[in-house]
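To start, the structure itself, in structure tokens.
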Amino acid sequence: MVENRPFGNILAHLILIAGVLVIVFPVYMAFVASTWDPATIANGKLGLLPGPYLVENYSRILFEGTGRTTRAHVDVMLLNSFVSAMIIATGKIAISLISSYAIVYFRFPLRMVAFWLIFLTLMFPVEVRIYPTYKIVADLGLLDTYAGLSVPLIASATATLLFRQFFMTVPDELLEAAKIDAAGPLRFFKDVLLPLSRTNIAALFVILFIYGWNQYLWPLLITTRDDMQTVVIGIKKIVTVQDALTEWQLAMATAILAMLPPVLVVVVMQKLFVKGLVETEK
Amino acid sequence: MASVLLDRVFKTYPGGFTAVKGVSFAVPDGGFCVLVGPSGCGKSTLLRMIAGLETISDGAISIGDRVVNKVEPMDRDIAMVFQNYALYPHMSVYDNMAYGLRNLKTPEPEIRARVSEAAKILELDDDMLKRKPRQLSGGQRQRVAMGRAIVRKPAVFLFDEPLSNLDAKLRVQMRIEIRKLQRRLKTTSIYVTHDQLEAMTLADMLVVMNAGRVEQVGAPLELYERPASVFVAGFLGSPPMNFLDGIVEKPGRVRLTGGGELAYDAAHFGPPLGAEVKAGVRPERVTFSNDGSGLPFALELVEELGLGQLVHGRVAGGDFTVALPASHNAPSGEAQHLAIPADAVHLFDTKTGARL
Amino acid sequence: MEKRATFSNKFLPYLLVAPQLAITLIFFYWPASQAVKESFFIQDAFGTTSSFVGLENYRTLFADPYYFHSMGVTAVFAIAVTAASLSIALLLAVQADRGIRGKMAYQTLLVWPYAVAPAVAGVIWIFLFQPSLGYFAHLVRALGVDWNPLLDGNQAMTLVVIAAMWKQISYNFLFFLAGLQAIPKSLIEAAAIDGARPTRRFWTIVFPLLSPTTFFLVVVNIVYVFFDTLGLIDAVTGGGPAKATETLVYKVFQDGKLGGDLGGSNAQSVILMIIVIVLTSIQFRYVERKVTY
């Protein structure tokens, strides 16, 4: 730094701590609520400290279902979220890797057409084509299936653009050396390009896993059966806004469980997460 | 082992730009051929055409007895060392060297033997073989790139400016090693560089290229002493040859445009009288005369090199440099005169640049 | 920019692009074209027959005061969330970039809300502001506000803005921090030697150099508010009360729900598509230097 002013640094710490409090406090309160009984919460007696009902509340939503408001078990929802997030993340990475490989490393008629077709999907987020897409998925008989939950979401331009950009930075000489070393296109992809893309793949995976896990509109539309719901839409069914009888301790426990996997991914793989986030958006 | 033959080779890009314009030369089996020229002269393109990394628009390239125009790089029996080395960053040094052999389904014991042999030649120890390229210094990477070429036991080595990413000191050292290695392996080699000193020291056979064409082919010293064109004369040698414009007044004598006269060896040059010529003189062939005779030289600057001195000044309206050995004392005073022996003067046609 | 070295292979490249193209065509282009087509049709109540009506759906839409209302809601929502979350994120990023200790710890504590689904964030905020039992609702009441977002449209809007902003700070913080770190320290040092005080340095050197990041974030935040907050609104207010929080995207969703006004919903989709195309083009104008095609 240009100057060393202890006061300035203390102020910086104070501002950051305030920021952290604003960010953390709501979720902390959600956690506190998830450890109390309905009576304490309903009477507005909720303090700042966790209560004694943690095990009871969590085991109830995980293993007995949430009773009054919905029949589904949160463990099933978590599994559904996990499976569809995994399919979306790996599927997107797989198809984007090979399509950008084709676009960067081959010259073929219609190459630019293919590139633009993929690129322009940026212009059509699912929200602007909700019902026609729903209809296609319904016609294909994919309602209430993992395929229906994930496949329509695995085509996207961002991953393809990221890999394309990364491939462009790989020196031409590497391919030339591989050609002289008797490696064909598939071998070059497997032996050279894929290992070099490892960090990019991992970073993208973090972002796409979160993306898949946090889907709302799509699973809401195409799942009708309780045992196919994801946790993000499940939680909304627990909370009935107009109803003061909402079992808030269970809703908050579900909220905590719903955010835990993606938050853990971000915290544990922070470096990859930051890389993935910054590079997919550039 | 194989000779390499280029027969009227052309390279025209889809955009219409012609990078190589009818190049022909032959590299004998076991020869060390250096392609040299300024950047953009087509030398790298030519090398990449020999490697099979660029298509050949017209003409033919043969390696051994076989025309290889349509042959894939892997089947040409060549190995290449790239300017940026092109080592696979995620593979160990050993795997880098073994990769090509593995792709050719060479048995693993054979691969091990060949890699360790190459490692021994290049003085890469076992610890080094386990490392990744990024853990190596520039010089070591360069060695690994050479090792990768050696293990293939190819008929021809191709080098694309392999030393230009190294610092000056290492460049000299690696240059000597490459030469020794080639002497030892006796593998036909084609080497591209823009550095005339590297070209002179390495080559058995020097090919000077300019604007997609071959200017001259021959042994380095032959080109140095009998450059076929102004371009070759100016390109080879450091400091470069001095040029003075003039007109042939009578046999053996040129009247310089900027004033003064220059004697040349009429036994070697026979220009028509009255011809406009460029007279070339190498800096090291000139001395200062003590008696006030010779061409007037206006001294501007003396550079001390330790090994000798460079005296910069002006002659007949043009820049002129004199290289003196260390034993000579640089003259003092602005007004000097130059002693230029007649056999030090090369004459070139002003219009075509060709040697007269 | 193109690769100098490529493979030549007749069928392989088609095989490689086929999966992505197939999914793209089936789930993107076909439905998008259907949306455009159906925006010119009206379906009967049972969805069995539909008749071509030309621009009728669009005419109805632009005669609908609720549609303009929804535009206003979206604009207010977008401006409030973008302005608030960008300012807070910039303030925090500048502090974190001061070279203080514990930067990574602060970063970790600030970025994780990115991973929280908007709907989940929404549910937590409803709980905290639940009129009868919410922690913050009590605080607000204590300040003398008659707090009930279930009845008061402005309060409902405040609630969704807070929830949306809370989630977006992390994203903006990361990009501002990256942008700040990319500014050469020598420039700051030169300005210090030129006698600029820290505040002045920030506004005359740092902030202008950060403007590409800021611009980029403004666009991204608008896109976020437009599209990604659908789950949040659905969970927190359901667009209410009295459509006070019904954004454009939420209206598409509502109007077409259960086979309602599909034609009208599709007409709205088409208009949204045009908005996305404009926003994305602006965004790519910014990253043009990076995507060279």
Side-chain angles (χ1 to χ4, degrees), chain A residues 93-94 97-98 100-115 162-205 269 271-272 275-276 279, chain B residues 14 44-45 47-55 68 71-92 95-106 111 132-134 141 144-149 151-152 154-162 165:
Chain A
I93 288 172
L97 262 174
I98 56 174
S100 45
Y101 178 54
I103 286 167
V104 173
Y105 280 99
F106 292 84
R107 292 286 166 274
F108 56 101
L110 302 181
R111 183 175 77 99
M112 291 314 289
V113 174
F115 174 77
L162 172 78
F163 284 125
R164 179 189 155 269
Q165 221 150 322
F166 171 69
F167 291 164
M168 296 305 284
T169 67
V170 173
D172 279 332
E173 287 83 357
L174 235 39
L175 170 59
E176 295 177 339
K179 276 186 173 180
I180 292 172
D181 274 342
L186 293 178
R187 207 195 287 260
F188 173 71
F189 183 70
K190 177 173 89 53
D191 289 348
V192 180
L193 219 46
L194 218 46
L196 288 180
S197 312
R198 262 191 322 226
T199 349
N200 280 291
I201 292 174
L204 200 57
F205 185 86
M269 298 190 242
K271 267 220 173 92
L272 284 175
K275 181 180 162 64
E279 292 192 1
Chain B
S44 274
T45 310
L47 188 79
R48 294 162 49 74
M49 289 161 81
I50 298 169
L53 300 172
E54 300 271 0
T55 55
V68 293
V71 179
E72 289 291 321
M74 54 179 276
D75 299 322
R76 289 192 183 197
D77 202 7
I78 49 132
M80 186 154 168
V81 179
F82 293 87
Q83 180 175 352
N84 63 5
Y85 318 134
L87 300 176
Y88 309 115
H90 58 293
M91 293 185 196
S92 68
D95 290 337
N96 259 285
M97 298 215 259
Y99 186 63
L101 295 176
R102 285 194 183 130
N103 289 343
L104 295 169
K105 305 266 183 305
T106 314
I111 294 179
K132 297 275 172 67
R134 68 168 176 286
R141 282 180 215 181
V144 176
M146 305 238 297
R148 185 167 66 180
V151 295
R152 303 274 311 269
V156 181
F157 282 138
L158 303 174
F159 297 90
D160 190 4
E161 310 221 13
N165 283 5

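Fair warning: this is a prediction, and the values are worked out from it, not measured in the lab. In what follows, chains are A, B, ... by sequence order, proteins preceding strands, each numbered from 1.
With sequence neighbours left out, D181(A) forms a salt bridge (Lys or Arg N to Asp or Glu O under 4.0 Å) with R152(B). Among residues two or more places apart in sequence or in another chain, the salt bridge (Lys or Arg N to Asp or Glu O under 4.0 Å) test is passed with D95(B) by R102(B).
Here F188(A) and Y105(A) bring their ring centres to under 6.0 angstrom of each other.
Interface residue D191(A): backbone and side-chain heavy atoms are both found under 4.5 Å from chain B. Heavy atoms closer than 4.5 Å to chain A are found in the backbone of A79(B), but not in its side chain. The part of L87(B) that comes within reach of chain A is its backbone (N, CA, C, O), which places non-hydrogen atoms under 4.5 angstrom from that chain.
Options G52(B), A145(B), G100(B) differ in how many heavy-atom pairs under 4.5 Å they form with chain A, and the most are formed by G100(B).
Ring pair Y88(B)/Y99(B) is perpendicular by interplanar angle, where above 60° counts as perpendicular and below 30° as parallel.
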